[in-house]
Every structure is written in C-alpha cells, then in structure tokens.
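Being a predicted model, the structure only gives us computed values, none of them experimental.
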Amino acid sequence: MSVDWIPVGDATGAQPRVDNRWEYDMGDGQPLIPPSAVDFDLSGVAAGWDRTMSDLEAGMWRMEEAQPRLRSPIVAVDLLDESPDWERLVRAHEWASHIVPRIRMRAVEPVFGLGNPVWSVDPEFDLDYHLRRIRLPEPATFDHALRICRHLACEPFDKARPPWTAMLIEGLPDGRAVYVVKTHHSMTDGMGGIGLMTLLHSRRREPTPDKPDRLPAPPENLNTVTALGEEVATQLRRAPGRIRGLVGGAVRTAAAAVTDPLGTAGEVFGYANSVRRIVTPPPEEGSPLLRNRGMGRWFGVLEVGLPEFKVAARAAGGSLNDAYVAALLGGFARYQSALGQAPSPVPMGMPVNLRTASDPSGGNRFAAVRFVGPATESDPTTRIAKVRTIVLGLREEPAIDALDVAAPVLSRLPTWLLATWYLSQSTALDLQASNVAGVPVPVYLAGARIERMFPFGPAPGCAVMATLVSHAGVCCIGVNLDTAAVTQPKLFMNCLQDGLDEIIALGEPGETR
C-alpha cells in the first residue's frame, strides 16, 4: 500500500500523506486507520513485488506436493451485517485485480525445476472461477458457514491458476452473510494479506464510483522454458548485489578480526549459539493427548474486547501478545486436565513480523521462533511474565532470520527430503500462535459492514494454529485444529475460552494480582 496511516484520535485532523509507505502497528501503540481508496494515490501499490518466488516461498509451494499435510492456505472469514450487493462485489474484485497484478498471476515452474517458480499473468484469468457464491438452506447458522469455510480451506489449489479463492455465503439469520477468502502462503504472509484485503474495504457503505483505476496487466504466455529464462535473468540481476554483500561482509569481518580478534570471535560464537537456539526443536515433547497428526481440520472462533484485553495485559506487566499466548497456554492446561492428564509444557512456535514500511504488501517477511510454553504455571500473572521473558529474548536473537538465511540451501534439497524434514520439525509443535494487526475502525465490503474478521492460519504439521486479528475494538481469534490431535474440539474451545476469561479477570477492579 502507498499510504501513511493516521493514528486514531489525531487532533491535527491531517489528511493521509501519499509517500509510498504502508505503516502499521504490531504492538500496543496507537492503532492506525486505513483511508478509503479515494483518499490516496494507488500508483505505488504492488510496486517492488518480486517476479520470482523467494527460496522460502518456493519451498512452501512445492513441499505440499510431497506432503499434503504441509498445505499452507491463509484463510480470512468476515461476518457481514447483511448480504453485499453481488454485482458491486464482483466489480470490487475486478478493480482490485487491476491495482494488484499478482491477483491475476499464476506460478509457472521452470523446466526441470531449475530455479524458483515465476509469477506470470494468467492468459485465461477467469474471475468467475475464483469468486463464488452459495446460499445455505434455512435454518443456517454461523457454525454452518464456518464448516463451508473449513472445507474450502482443505481443498488443494489448482496450481495452473492464480492461487486464491473467495466465496460469499448467504442465508444466515437476520440477513447476515459470510465472506471468506483463501490465498496460498507463497503469495503473502498474514500481515501482507491484511494489506491486500484492505483494497476491498471502504470506510463508507455507499459506492465509490470515482476511485482511481488502471488497465489490467496484459496476459502472458509464459511456459516452463521461458520461465527458466526469467529465473536466470533474475539471478543475474541479483548476483552483483549478493557478491558485493558477501565481499563487503568478508572484508568487514577480516578487518574486525585483525583489530579486535577476541571481539570478533565472540560475535561469531554468539551467532552460532543463536542459530542453535533458533533451529533446535523445543526440548519438551508434546502432550500424549495431542500426539497424532492427520489431514482433518476444524475451525473454531473466540472473541474478546481489545480494550479489556489490553487492560488485563498491562495489569500483569505484559503486552497484549504476552496475554494472548498466556491465555492459549491456560486453555491447553485445562484441556489436559479435563481429559485426566496433568498439564505439561507446550512446545510451540510463533511467527515474528519482519516487515518494514518499505516492504511491498505481497511476499513473505517473517521469522519463526520456537520455545516451550509455560502451561504448567497456574498463576496467570506469573504465566504472562514468563511468556514475556521468553518472547523478548527470542526477538533479540541475532539469528532470528536463520530460516531466511538457510532457505537458499534448503531449497536445493530434493523436495521430498525437504518436506519430510520440515514435517518432522513442525509435528514436534503442539501450538503455533500468531498475532496480526488488523483494522481498528468500521469498514464495509460492497455496502455490507464487516462485524467480525476471523483469521485462520495454516497448520502444517502442528496440532493447533491460533491467529488473532484486532478488528474495530474486538480481538477476533481463529483456531485451526488438527482433528487427529484434538479429538474433542468443542471441549478444547471451551477450555480456551476459560483461559481467556482468566486473563481478562486480571484487569477487573478488585482482583488480587
């Protein structure tokens, strides 16, 4: 996105500045408001997107062929106050595909797999294939719609087409509807996905006929041979910069080794230790109750007021993310106890956002950290403090980007070997928890107000993937469960709700902390 977002309650009343930056708040600071499309210049949107997949993205794209459990769809489910105007919704998607050419692009594999897939405008792009509409039979509920969303998430992408699908689900009580969109993780990460979604959002219910537009990207007839040529050209363009970086780094390291040998040796040793801490799986084994893994998925949702959650987190001396992780761990402990097992530590992972204001909204810019969640700590305040200590330490690790650094090497492994290794790593985790900054103000989709926005991150090998997005003052939590691991999903969701309630109670007047 090419816009500087305005803090809520800005007393200056300033209008958005067009400076080709997209800023967002990932912590407890001031939330930021996205303007409507008419308020800013869209010429910089999607600028700087890579033509070829990164090594990390290529791995995610290919591994699922060898190991279907590694499928990586990112799913967003919007609950709407009414059914949007269908023709207007179609026009909005067509318009978005003009602004962001990647929406019209498929991934083309170079011949013999020599290089990473190349993004190319689909010469047969068909919006009717990607955007669908169904009506549930009465009496339908949000749970029924959520089942449809789950089934949609489990369907593999047709990799001959752009890897995204959207669906409008109508027939809910009081005229409500659900809009769900699924994208492949190789297109973008969670934060980038929020950025893409905002293109479909408006700050008002009425249409915006005068918003800027441009012609759609012309279709391309890229094949496996010409894709290899594109990949070779890309690598040649990147080579001078990489060589300069390697040479410059080597020179700096050599100079430092001469002037301060002990300090340089300490840095190298410290980085090596950091790599070991980042890549080594958590030392604790997961709960025997959650040991199995399979292809089945189950979607559940939770919600809590953002102000109440922040108050509770501050009361315990932590951030919202600390309180969120502590609440999930409290739910895990309750689930184990309910099934007759003593609570045990939870091996878990957490993505850390690495995006900067200069990064394009597409692609993937995150690091993955793993640690042992202190689920055995019964006191919620102490649990939050322990989580905070662990997470702050991990964020300061010098090798936090080790996955990015290792990706070029890992991507050269045979796909089956890479997939087997990755699955062995991810199945060691019982929980992955993600927290993505959302939209803090009411927004509309083709005239319908978005009441809730529930995210469902991919669960490639882990037992539970929980994702939080804040939307208009509400923390919306989507929980993606592997049904082979969590055999009683409704009980599990009740336990997570109890874990949330326990944390919220810390911020209530009169509570002893």
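Between Trp61 and His184, the ring planes are perpendicular. Angles over 60° get that label, and only those under 30° would be called parallel. Note: Trp164 and Phe125 have tilted aromatic rings, judged against thresholds of 30 and 60 degrees for the angle between ring planes.
Between the side chain of Tyr324 and the backbone N or O of Ser434 there is at least one donor-acceptor pair closer than 3.5 Å. Judged purely by atom type and a 3.5 angstrom limit, Trp95 uses its side chain to pair as donor or acceptor with the backbone of Pro212. With hydrogens and angles disregarded, no donor-acceptor distance shorter than 3.5 Å links the side chain of His93 to the backbone of Val90. Counting only distance, with no hydrogens or angles, the side chain of Arg51 and the backbone of Trp119 share a donor-acceptor pair below 3.5 Å. No donor-acceptor distance shorter than 3.5 angstrom exists from the side chain of Arg297 to the backbone of Arg150, with no hydrogens or angles considered. A donor-acceptor pair is defined here as one N or O able to donate and one able to accept, closer than 3.5 Å; no such pair exists between the side chain of Thr483 and the backbone of Leu481. In this structure, Asn116 contributes its side chain and Met53 its backbone to a donor-acceptor pair below 3.5 Å. Distance alone, capped at 3.5 Å, places no donor-acceptor pair between the Asp50 side chain and the Thr52 backbone. In terms of modelled atom types and a separation under 3.5 Å, the side chain of Arg104 and the main chain of Asp122 share no donor-acceptor contact.
Shortest non-hydrogen contact noted between Pro139 and His144 is O-CE1, 3.8 Å. Of all heavy-atom pairs spanning Ile103 and Ala96, the tightest one is CD1-O, 3.5 Å. Of all non-hydrogen atoms in Asp482 and Arg293, the two that sit nearest each other are OD2-CA, 3.5 Å. Closest heavy-atom contact between Leu70 and Ala419: CD1-O, 3.6 Å. Of all heavy-atom pairs spanning Leu328 and Leu431, the tightest one is CB-CD2, 4.2 Å. The shortest heavy-atom contact between Ala472 and Pro442 is CB-N, 4.2 Å.
Here the side chains of Gln432 and Arg370 are not in contact, with every heavy-atom distance at 4.5 Å or above. Between Asn223 and Asn221 the shortest side-chain heavy-atom distance does not fall below 4.5 Å. Contact annotation: the side chain of Ile148 approaches that of Met167 to within less than 4.5 Å [non-hydrogen atoms, C-beta and beyond]. Contact check for Leu168 versus Pro84: side-chain heavy atoms found under the 4.5 Å cut-off. By the 4.5 Å heavy-atom criterion applied to side chains, Val479 and Leu496 are counted as neighbours. Looking only at side-chain heavy atoms (C-beta outward), Pro216 and Val121 stay at 4.5 Å or farther from each other. Here the side chains of Met187 and Met105 are not in contact, with every heavy-atom distance at 4.5 Å or above. Looking at heavy atoms from C-beta onward, His185 lies out of side-chain contact with Glu57 at the 4.5 angstrom threshold.
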>> Under the criterion side-chain contact (heavy atoms from CB on, under 4.5 Å), I'd like the reasoning laid out for His201 against Asp78: C-alpha separation, chi angles, the key distance, then a yes or no.
In response: CA-CA 11 Å; His201 297 164; Asp78 292 348; 4.2 Å; yes
> For Phe142 and Leu79, what are the C-alpha separation, side-chain angles and deciding distance, and is it a side-chain contact (heavy atoms from CB on, under 4.5 Å)?
Replying inline: CA-CA 8 Å; Phe142 180 66; Leu79 177 61; 4.0 Å; yes
>> Let's go through Ile169 and Cys149 carefully: what are the C-alpha distance in whole Å and the side-chain angles of both, what is the deciding distance for side-chain contact (heavy atoms from CB on, under 4.5 Å) to 0.1 Å, and is it a yes or a no?
In response: CA-CA 9 Å; Ile169 305 173; Cys149 298; 3.9 Å; yes
>> Working note: Leu500 + Ile477, criterion side-chain contact (heavy atoms from CB on, under 4.5 Å); need CA distance, chi angles, decisive distance, verdict.
In response: CA-CA 11 Å; Leu500 276 173; Ile477 303 171; 4.0 Å; yes
>> If you apply the rule salt bridge (Lys or Arg N to Asp or Glu O under 4.0 Å), what do you find for Glu155 with Lys182, and how did you get there?
In response: CA-CA 10 Å; Glu155 294 174 358; Lys182 176 181 77 164; 5.1 Å; no
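Rounded to the nearest 0.5 Å, atoms OH (Tyr179) and CG (Leu131) are 6.5 Å apart. We find the CZ-CZ distance between Phe309 and Arg314 to be 12.5 Å, quoted to the nearest 0.5 Å. Here the CG atom belonging to Leu320 is positioned 5.0 Å from the SG atom belonging to Cys475, to the nearest 0.5 angstrom. Atoms CZ and OG, on Phe157 and Ser72 in that order, are 9.5 Å from each other to the nearest 0.5 Å. Summarising the geometry, atom OG belonging to Ser202 is positioned 6.5 Å from atom CZ belonging to Arg88; distances are rounded to the nearest 0.5 Å. Atoms CZ and CG, on Arg132 and Leu152 in that order, are 6.5 Å from each other to the nearest 0.5 Å.
Crowding of Trp86 atom CH2: a count of heavy atoms from other residues, nucleotides or ligands under 6.0 Å exceeding 12.
Under the rule for a side chain to side chain donor-acceptor pair (under 3.5 Å), the partners of Ser83 that lie at least two apart in sequence or sit in another chain are Glu170.
Sorted by first then second residue, the salt bridge (charged side-chain N to carboxylate O under 4.0 Å, His left out) pairs that include residues 433-448, not counting sequence neighbours, number zero.
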Could you list the donor-acceptor pairs under 3.5 angstrom formed between side-chain atoms of residues 445-469 and any protein atom two or more places apart in sequence or on another chain?
residue	atom	partner	partner atom	Å
Glu451	OE1	Arg176	NE	2.9
Glu451	OE2	Arg176	NH2	3.1
Arg452	NE	Glu303	OE1	3.1
Arg452	NE	Glu303	OE2	3.1
Arg452	NH2	Glu303	OE2	3.0
Thr467	OG1	Gly457	N	3.4

